[in-house]
Amino acid sequence: SDSIASGCIPVLFSNVTELAAPWFWNEWKAHGRILVPRLPFVQGKIDLVTFLQTTMPASVLQIMQQTLALYGRQFQYSMDDDANDGVRILLDGLKRQVELQVNEKGDCIV
């Protein structure tokens, strides 16, 4: 999380990786990470450096860096009251999850 908050673009090898933190990635994940096809990489069919150099033009990298500058703080936990830090993202996500499972009378519907 420190690297993301510092602007380093995460390189992931599976869509499953981002399932671990869906509230943090939200709708911006496609603009904030690089997804390398796992199986071809593991099979040695993809050289990571070549893949990154040939599929990431400077304009795309710039968009990713701007996205991380905007949202990367969501992966950090602040000591101060911060409306965009990881604590707030977790609490808001939990609240939304509970709201989906409780009706207007307060009864659990799951």
Side-chain angles (χ1 to χ4, degrees):
S1 65
D2 286 341
S3 58
I4 293 173
S6 297
C8 295
I9 300 168
V11 177
L12 306 178
F13 295 87
S14 172
N15 277 326
V16 176
T17 305
E18 57 201 34
L19 295 177
W23 297 332
F24 292 87
W25 288 110
N26 226 345
E27 71 279 345
W28 61 271
K29 68 182 174 186
H31 298 293
R33 54 90 169 114
I34 297 169
L35 185 60
V36 177
R38 185 181 195 288
L39 188 57
F41 176 77
V42 171
Q43 293 172 338
K45 296 177 181 177
I46 292 178
D47 174 68
L48 185 58
V49 174
T50 303
F51 177 82
L52 295 174
Q53 289 174 338
T54 58
T55 61
M56 296 289 131
S59 59
V60 172
L61 291 176
Q62 184 176 16
I63 290 169
M64 289 181 170
Q65 289 169 333
Q66 291 169 347
T67 300
L68 290 176
L70 188 61
Y71 296 106
R73 200 166 78 222
Q74 294 178 1
F75 287 86
Q76 290 289 295
Y77 300 92
S78 177
M79 296 295 289
D80 301 318
D81 187 16
D82 184 342
N84 294 311
D85 77 337
V87 173
R88 181 58 59 102
I89 298 303
L90 283 172
L91 292 174
D92 287 348
L94 288 170
K95 180 182 176 208
R96 282 190 309 273
Q97 192 69 31
V98 168
E99 288 169 348
L100 292 173
Q101 297 178 11
V102 176
N103 66 17
E104 27 321 305
K105 295 183 213 171
D107 298 325
C108 184
I109 56 175
V110 177

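We use all heavy atoms of the structure for the numbers below, so side chains are in, but hydrogens, waters and symmetry mates are not.
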Visitor: Which residue pairs satisfy the salt bridge (Lys or Arg N to Asp or Glu O under 4.0 Å) criterion with at least one member in residues 55-65, sequence neighbours excluded?
Guide: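 As it turns out, there is no salt bridge (Lys or Arg N to Asp or Glu O under 4.0 Å) pair with a partner in residues 55-65 once direct neighbours are skipped.
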Visitor: So, for Trp25 and Pro10, which heavy atoms are closest and what is the spacing to 0.1 Å?
Guide: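 Residues Trp25 and Pro10, closest heavy atoms: CH2-CG, 3.8 Å.
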Visitor: Hey, could you give me the CD1/CE distance between Ile63 and Met56, rounded to the nearest 0.5 Å?
Guide: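 Interatomic distance, Ile63 CD1 to Met56 CE, rounded to 0.5 Å: 11.0 Å.
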Visitor: Hey, what do you get for CD (Gln65) to CG (Leu61), rounding to the nearest 0.5 Å?
Guide: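 So the gap between those two atoms works out to 6.0 Å.
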Visitor: Below 4.5 Å, heavy atoms only, C-beta onward: do Val42 and Phe13 meet side chain to side chain?
Guide: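 Side chain of Val42 against side chain of Phe13, heavy atoms only: no contact under 4.5 Å found.
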Visitor: Quick check: do Ile4 and Arg33 have side-chain heavy atoms less than 4.5 Å from each other?
Guide: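 Not in contact.
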Visitor: Under the side-chain hydrogen bond (donor to acceptor under 3.5 Å, both in side chains) test, which residues partner Ser59, sequence neighbours left out?
Guide: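 Counting only residues at least two positions away or on another chain, Ser59 forms no side-chain hydrogen bond (donor to acceptor under 3.5 Å, both in side chains).
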Visitor: Show your reasoning for whether side chain to side chain contact (heavy atoms under 4.5 Å, CB included) applies to Phe75 and Asp2.
Guide: CA-CA 7 Å; Phe75 287 86; Asp2 286 341; over 6 Å; no
Visitor: Would a 4.5 Å heavy-atom cut-off, applied to side chains only, mark Arg88 and Asp81 as touching?
Guide: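 Yes, at least one pair of side-chain atoms sits under 4.5 Å.
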Visitor: Which value, rounded to the nearest 0.5 Å, describes the distance between Leu70 atom CG and His31 atom NE2?
Guide: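 Between atom CG of Leu70 and atom NE2 of His31 there are 11.5 Å.
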Visitor: Drop me the distance from Gln101's CD to Glu99's CD, to the nearest 0.5 angstrom.
Guide: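 The distance works out to 11.0 Å.
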Visitor: Is there side-chain contact between Asn84 and Tyr71, with heavy atoms separated by less than 4.5 Å?
Guide: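 No; the side chains remain at least 4.5 Å from each other.
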Visitor: If you take all heavy atoms of Thr67 and Trp28, which pair is closest and at what distance?
Guide: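 In this case the closest contact between Thr67 and Trp28 is CG2-CE3, 3.5 Å.
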Visitor: Quick check for you: to the nearest 0.5 Å, what is the distance between Phe51 atom CZ and Ile46 atom CD1?
Guide: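 Reported value, rounded in 0.5 Å steps: 5.5 Å.
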Visitor: What pairs meet the salt bridge (Lys or Arg N to Asp or Glu O under 4.0 Å) rule with one or both residues in residues 53-75, with sequence neighbours excluded?
Guide: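 Of all non-adjacent pairs touching residues 53-75, those that pass salt bridge (Lys or Arg N to Asp or Glu O under 4.0 Å) are Arg73-Asp82.
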Visitor: What pair of heavy atoms forms the shortest contact from Gln74 to Trp23, and how long is it?
Guide: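 In this case the closest contact between Gln74 and Trp23 is OE1-O, 4.5 Å.
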Visitor: What residues, two or more places apart in sequence or in another chain, satisfy side-chain hydrogen bond (donor to acceptor under 3.5 Å, both in side chains) together with Lys45?
Guide: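 Result, side-chain hydrogen bond (donor to acceptor under 3.5 Å, both in side chains) vs Lys45: Gln43.
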Visitor: For Asp80, what residues pass the side-chain hydrogen bond (donor to acceptor under 3.5 Å, both in side chains) criterion, not counting sequence neighbours?
Guide: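 Expected list: none.
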Visitor: For Arg96, check side-chain hydrogen bond (donor to acceptor under 3.5 Å, both in side chains) against everything at least two apart and list the hits.
Guide: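 Arg96 satisfies side-chain hydrogen bond (donor to acceptor under 3.5 Å, both in side chains) with no other residue.
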Visitor: Measure across Gln76 and Ala5 and return the closest heavy-atom pair with its distance rounded to 0.1 Å.
Guide: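 Closest pair (atom of Gln76, atom of Ala5, distance): CG-CB, 3.2 Å.
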Visitor: Just how far is it from atom CD1 of Ile9 to atom OG of Ser3, taken to the nearest 0.5 Å?
Guide: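 Interatomic distance, Ile9 CD1 to Ser3 OG, rounded to 0.5 Å: 11.0 Å.
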Visitor: Return the minimal non-hydrogen interatomic distance between Ser14 and Arg38, and the atom names on each side.
Guide: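 Heavy atoms only, the tightest pair is CB-CD, 4.2 Å.
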